[in-house]
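Here's the structure, in structure tokens; my notes come after.
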Amino acid sequence: MSLQEQSLSYVRAISPYQPGKPITELAREMGIPVEKIVKLASNENPLGMSPKAKKAVEAAIGGIERYPDQFDLIKAVAAKAGVAQSQVVLGNGSNDVLDLIARVFLAPGRSAIFSQHAFAVYPLATMSTGAELIATPAKNYGHDLDAMRAAIRPDTRLIWIANPNNPTGNFLPYPEVRAFLDAVPKDVVVVLDEAYNEYIAPDERVDTASWIKDFPNLVVCRTFSKIFGLAGLRIGYALASSEIADLMNRVRQPFNVNNLAIAAAVAALDDHQFVTESYELNRRGMEQLVTGLKRLGLEYIPSHGNFVTFRAGDGAGVNQKLLQQGVIVRPIGGYGLPEWLRVTIGTEPENARFLEALEAAL
Ligand SMILES: *Cc1c(COP(=O)(O)O)cnc(C)c1O
């Protein structure tokens, strides 16, 4: 038997994750200087990282010979979220905690539910356990919670929900999410992935962490990769009942989060000015992009994140023409949306450069 045949069939069935094209890769492929390239493909923060976090990283380099201690960050996250420290699980990016949840609850003979056009890591995390993946049809490109509830089977142990969703930007009103939690059996885990939580208008935002005491089957995931600008350091977290958090910690690698990430995240949580600036830049940039897309007569999905998805027609063709002009966006054919492209909100000049390139590409 070949090694291929010896490998787990459910691992062979996984399609690899397709990341946004790195700037350095496009530079190599097309001979475009790195500084001429605009990358709006991975929902990164165009302002970079918080200056306070940067200082904290520089200081933390001094202790790099030591294994990390997660205590300070767990304490800070718990205080901010209003939960006990025993309810916080840190991850090497929030993708890591998604994986931990899957490993605790999924296995061959069990199933998990996710929505068509939802985040690509849910199929990866589910399929790598050998559990069956149930995909429910989207409603207006977002989650159809009624369809998801109807899809629950006796072997279903977990439901994935991204709010707002990536790559479509759809947002589920909080009362609908809460009604869904009321309707789901208490022994089915609901993962509420809030990677874009901080981009929701503060007066519209509801603190879902406070729901955990009512719903011990709820796991809320958040990340430092987006508004906090720490994507390259890999740091995110889950908030859950102490019972679930304890189980997740049993399968977690003891030192899954590094010293620099811990130091940066503690400082970033405290840098309200940077978060506000990032939020405001995103709000203005969203307006700029949406106005530009309308002017070009392009359909788009109203987004609550730091990106917007629009119908380009020939998604792959338009993407190629953008790349030739040094502009990287995200094709989402892999999400079942081959006519659409997702663009991250950048700085004002980056957004303008994108719109100009898009007009030329069409
Ligand atoms: C970006 C994103 C994440 C964050 O992933 P990290 O591993 O924390 O970088 C999680 N969920 C969704 C839906 C995302 O778009």
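These values consider heavy atoms only, across backbone and side chains, with no hydrogens, waters or symmetry-generated copies. Throughout, numbering of the chain's residues begins at 1 and tracks the sequence. Every number for a ligand or one of its atoms is a count from 1 in the order of the listing.
Remark: aromatic rings of Tyr122 and Trp160 are close, center separation under 6.0 Å.
Applying the side-chain contact (heavy atoms from CB on, under 4.5 Å) test to Ala263 and every residue at least two apart in sequence or in another chain returns Ala56, Ala60. Residues that satisfy the ring pair (Phe, Tyr, Trp, His ring centres under 6.0 Å) test with Phe71, not counting sequence neighbours, are absent from this structure.
In this structure, Arg342 satisfies the cation-pi test against Phe307, with its NZ or CZ atom closer than 6.0 Å to the six-membered ring centre and inside 45 degrees of the ring normal.
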For each nitrogen or oxygen atom of ligand 1, which protein N/O atoms lie closer than 3.5 Å, and how far apart are they, rounded to 0.1 Å?
| residue | atom | partner | partner atom | Å |
| --- | --- | --- | --- | --- |
| ligand 1 | 5 (O) | Ser94 | OG | 3.4 |
| ligand 1 | 5 (O) | Asn95 | ND2 | 3.0 |
| ligand 1 | 7 (O) | Ser94 | N | 3.1 |
| ligand 1 | 7 (O) | Asn95 | N | 3.0 |
| ligand 1 | 7 (O) | Asn95 | ND2 | 2.4 |
| ligand 1 | 7 (O) | Arg234 | NH2 | 2.7 |
| ligand 1 | 8 (O) | Ser94 | N | 2.6 |
| ligand 1 | 8 (O) | Ser94 | OG | 2.9 |
| ligand 1 | 8 (O) | Thr223 | OG1 | 2.5 |
| ligand 1 | 8 (O) | Ser225 | OG | 3.3 |
| ligand 1 | 9 (O) | Ser225 | OG | 2.6 |
| ligand 1 | 9 (O) | Arg234 | NH1 | 2.8 |
| ligand 1 | 9 (O) | Arg234 | NH2 | 3.4 |
| ligand 1 | 11 (N) | Asp193 | OD1 | 3.3 |
| ligand 1 | 11 (N) | Asp193 | OD2 | 2.6 |
| ligand 1 | 15 (O) | Asn166 | ND2 | 2.7 |
| ligand 1 | 15 (O) | Tyr196 | OH | 2.6 |
| ligand 1 | 15 (O) | Lys226 | NZ | 3.3 |

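Here ring-ring contact (aromatic ring centres under 6.0 Å, His included) pairs that include residues 9-46, with residues two or more places apart or in two chains, number zero.
Defined by atom type and a distance below 3.5 Å, a donor-acceptor pair is missing between the side-chain atoms of Asn259 and Tyr67.
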